[in-house]
Amino acid sequence: MEKIALINILLYFIFPLWIIAGFSDWLCHRHTHLEKNSGMKESLIHSLMLLEIGIPVSVGLILEISPLLLFFMIFMFFIHEITAIWDVSYAIKYRYISPIEQHIHSFLELLPLCALLIVLALHWEIFIAMFSGNLIDGKPILRLKENPIPASYLLPLFTGIIFLLILPFIEELWRSVRLKYK
């Protein structure tokens, strides 16, 4: 029963809130006219962060969690956090980051951590086995989930990711590139 509760918290609370926070961050960038101040470099950093966190989340939704995949997810979480620090350190020199945007950034840092902690709780045995150096569990490293997440969930989730994260941040990059090479 606890596993079902954790899965539901991850799928129906954390992921939707995370998408809303990401879209809200884009709205803040648009409001401060990112393309006119921090510009293309900050927008490229945002694209990098989307990849750093989007790839592990996507594969975690589709593939069976293996020790190597779990290690990859943990590693990418820390890479994403380092990039987030670089992002704010760069942006603060060129544009105003409001308290609202700073608060949104808090969500964008904590929600991936919460998601990762839930994945660790759901796959605790695999996590513990990693400390013994066991990154291979004897099964194929990349394999589809034995009990896949239903398409009726994944389709709306990925649609939201495309329309509320990927396309807005592509638009942000486009604004920045267009202004730079105008």
Side-chain angles (χ1 to χ4, degrees), residues 7-63 69 72-119 149-182:
I7 291 168
N8 286 335
I9 289 168
L10 181 63
L11 298 180
Y12 298 103
F13 180 73
I14 291 183
F15 285 158
L17 189 55
W18 197 353
I19 292 169
I20 292 166
F23 183 72
S24 299
D25 192 40
W26 173 79
L27 288 172
C28 290
H29 302 162
R30 191 161 174 79
H31 179 74
T32 60
H33 303 282
L34 176 145
E35 72 278 4
K36 294 179 182 175
N37 40 63
S38 57
M40 191 169 69
K41 183 173 180 178
E42 185 183 2
S43 187
L44 286 169
I45 294 170
H46 295 154
S47 298
L48 179 61
M49 287 192 296
L50 276 169
L51 287 172
E52 290 170 349
I53 212 71
I55 292 170
V57 167
S58 297
V59 296
L61 286 166
I62 296 167
L63 299 178
L69 183 55
F72 173 70
M73 295 170 88
I74 294 166
F75 177 78
M76 292 308 292
F77 167 78
F78 284 110
I79 294 297
H80 178 267
E81 289 303 303
I82 291 166
T83 307
I85 292 168
W86 175 34
D87 173 43
V88 174
S89 298
Y90 176 78
I92 198 79
K93 297 175 195 168
Y94 298 98
R95 68 180 183 86
Y96 175 68
I97 300 177
S98 71
I100 291 172
E101 186 175 353
Q102 290 175 38
H103 193 65
I104 290 167
H105 287 172
S106 296
F107 277 85
L108 292 172
E109 290 175 24
L110 288 175
L111 289 171
L113 176 61
C114 291
L116 182 59
L117 292 173
I118 288 174
V119 170
I149 297 172
S152 60
Y153 173 83
L154 291 176
L155 186 62
L157 177 72
F158 284 118
T159 300
I161 289 169
I162 290 167
F163 284 100
L164 296 174
L165 295 175
I166 294 172
L167 290 177
F169 280 94
I170 288 173
E171 185 272 341
E172 173 183 288
L173 183 58
W174 171 248
R175 280 185 287 124
S176 298
V177 168
R178 192 178 66 206
L179 190 65
K180 182 175 177 102
Y181 296 107
K182 193 173 184 181

J.: Determine the minimum heavy-atom distance between S38 and A91, stating which atoms define it.
T.: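 Heavy atoms only, the tightest pair is CB-CA, 4.5 Å.
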J.: For a quick test of reading the model, state the closest non-hydrogen atom pair linking I19 to G160 and the distance between them.
T.: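 In this case the closest contact between I19 and G160 is CG2-O, 4.1 Å.
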J.: Does I100, at its CD1 atom, have more than 12 non-hydrogen atoms belonging to other residues, nucleotides or ligands within less than 6.0 Å?
T.: no
J.: Any side-chain heavy atom of L61 within less than 4.5 Å of one from L11?
T.: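 Yes, side chains in contact.
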J.: Could you walk me through whether L10 and V119 satisfy the side-chain contact (heavy atoms from CB on, under 4.5 Å) test, starting with their C-alpha distance in whole Å, then the side-chain angles of each, then the deciding distance to 0.1 Å, before giving a yes or no?
T.: CA-CA 9 Å; L10 181 63; V119 170; 4.2 Å; yes
J.: When you compare the side chain of R95 with that of E42, does any pair of heavy atoms fall below 4.5 Å?
T.: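 They are in contact (side-chain heavy atoms under 4.5 Å apart), so the answer is yes.
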J.: Above 12 or not: heavy atoms from other molecules or residues under 6.0 Å from CZ of F78?
T.: no
J.: Is it the case that the ring center of Y12 lies less than 6.0 angstrom away from the ring center of Y153?
T.: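 Yes: the rings meet the under 6.0 Å criterion.
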J.: When you check the gap from the basic side-chain N to the acidic O, do R178 and E35 get nearer than 4.0 Å?
T.: no
J.: What closest approach, in Å, do W18 and I53 show between heavy atoms, and which atom pair accounts for it?
T.: CZ2-CG1, 3.5 Å
J.: With sequence neighbours left out, write down each residue that passes salt bridge (Lys or Arg N to Asp or Glu O under 4.0 Å) with E171, or none if nothing qualifies.
T.: R30, R175
J.: Working to the nearest 0.5 angstrom, can you tell me the gap between K180 NZ and M40 CE?
T.: 4.5 Å
J.: Check step by step if side-chain contact (heavy atoms from CB on, under 4.5 Å) holds for H46 and W26.
T.: CA-CA 10 Å; H46 295 154; W26 173 79; over 6 Å; no
J.: Mind checking the CG-CZ spacing from L165 to F158? Nearest 0.5 Å is all I need.
T.: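 Those atoms lie 11.5 Å apart.
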J.: In Å and rounded to the nearest 0.5 Å, what is the CG to CD1 distance from L167 to I161?
T.: 12.0 Å
J.: Could you tell me if the side chain of V57 sits less than 4.5 Å from the side chain of F15, heavy atoms only?
T.: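 They are in contact (side-chain heavy atoms under 4.5 Å apart), so the answer is yes.
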J.: Within the 3.5 Å criterion, strictly below it, is a donor on D25 or H29 matched to an acceptor on the partner's side chain?
T.: yes
J.: Might you point out which heavy atoms bring H80 and L108 nearest each other, and give the distance in Å?
T.: CE1-O, 4.0 Å
J.: Any donor-acceptor pair under 3.5 Å linking the side chain of Q102 with the backbone of I97?
T.: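 Yes; judged by distance alone, with no hydrogens or angles, the pair exists.
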J.: For the residue pair P56 and L51, what are the closest heavy atoms and their distance?
T.: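 Heavy-atom minimum between the residues: CD-O, 4.0 Å.
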J.: Taking atom CD of E109 and atom SG of C114, what is their separation to the nearest 0.5 Å?
T.: 12.0 Å
J.: Just verifying a value: how many Å separate L164 CG and F169 CZ, rounded to the nearest 0.5 Å?
T.: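 With rounding to 0.5 Å, CG (L164) is 10.5 Å from CZ (F169).
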J.: Determine, stepwise, if the pair F77 / E81 fulfils side-chain contact (heavy atoms from CB on, under 4.5 Å).
T.: CA-CA 6 Å; F77 167 78; E81 289 303 303; 3.7 Å; yes
J.: Nearest heavy-atom pair of I74 and L116: which atoms, and what distance?
T.: CG1-CD1, 3.9 Å
J.: Within the structure provided, determine whether M76 and I55 are in side-chain contact (heavy-atom separation under 4.5 Å).
T.: no
J.: Evaluate the ring planes of F107 and H103, with Trp represented by its six-membered ring, and classify them as parallel (under 30°), tilted (30 to 60°) or perpendicular (over 60°).
T.: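 The arrangement is perpendicular - the two ring planes meet at more than 60°.
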J.: OG of S43 to CG of L48: how many Å apart, nearest 0.5 Å?
T.: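 If we round to the nearest 0.5 Å, S43:OG and L48:CG are 11.5 Å apart.
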